Amino acid sequence: MIFDLDGTLCDTSADLIAAANAAFRELGRDIALDHDRPEDRATALRGGKAMLRLGLSRLGAVDDDEVDAGYQPLLDAYESAVCVHTTFFPGAREANLRLREAGWATGICTNKPERMAHALMTELGARQEFDSLVGADTLPVRKPDPAPLREAVARAGGDPMRYVLVGDTTTDRDTARAAGVPVLLVGFLSPVAHLEGDAELDGFHEIETALSAVLPLAQTSR
């Protein structure tokens, strides 16, 4: 079982938005994203540049060069405060522990840079609870390329012919489809029904039931 991180295991939106707002200040732009706005929270989970584009779009036309200029300040701000407000979604940590007790290997495959993902999970006291962690820069490619997902399975010691991805975005769905494996989708911060995953979780208490439905699909010849 491989989990996405942002928006799936953890609500990282507040810390990501704080980093984006620091980048806007660095750019000298009088704009700030608001964690109380659903659009801003959902955009935070699509990445740093998506947040920068959203904020800058509220001031007018977006200049790609300005987005690029703000990206490194955003990363720097986030790395310096990666786990101020971040928490696990309800039941996520417990569900992972139940799966491990049932004999599953578990890991994380995220498009967050590996060192930041490692730092976040370490600060949450949970890094040792996952057998692998693959980030955006672990390999030369990132999700939705299936290679990072397969690498997370391999590093976890999992069966390359039998695994499942849990995620929350189009990227996660497309990654699973490219790998030829099932995807369970959670919609804690944005709707996922339109993504047409193999199962949708309203909460992590449902994960065993969802798995029983998709396990016959959890085979790949890739």
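Counting from 1, the numbers follow the sequence of the chain as shown. Heavy atoms only: backbone and side chains are in, while hydrogens, waters and symmetry mates are out. The structure presented is a predicted model; accordingly, all values stated were derived computationally and were not measured.
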Taking the side chain from [X] and the backbone from [Y], do they hold a donor-acceptor pair closer than 3.5 Å?
X      : Y      : result
Thr8   : Leu5   : no
Glu114 : Asn111 : no
Asp4   : Val166 : no
Asp15  : Thr86  : yes
Arg173 : Leu195 : yes
Arg100 : Gly103 : no
Asp137 : Pro113 : no

- Message: Please confirm whether the ring centroid of Phe88 lies under 6.0 Å from the ring centroid of Phe204.
- Response: no
- Query: Is the number of heavy atoms from other residues, nucleotides or ligands within 6.0 Å of CD (Glu196) greater than 12?
  - Reply: no
- Test log, rule side chain to side chain contact (heavy atoms under 4.5 Å, CB included), inputs Tyr78 and Leu75: CA-CA 5 Å; Tyr78 184 60; Leu75 292 179; 5.7 Å; no
- Item | From CA spacing to verdict: side chain to side chain contact (heavy atoms under 4.5 Å, CB included), Ser132, Ile108 | CA-CA 6 Å; Ser132 65; Ile108 295 170; over 6 Å; no
- Message: Grouping I, L, V, M, F, W and Y whenever their side-chain heavy atoms are under 4.5 Å apart, do Leu97 and Leu9 come out in a common cluster?
- Response: no
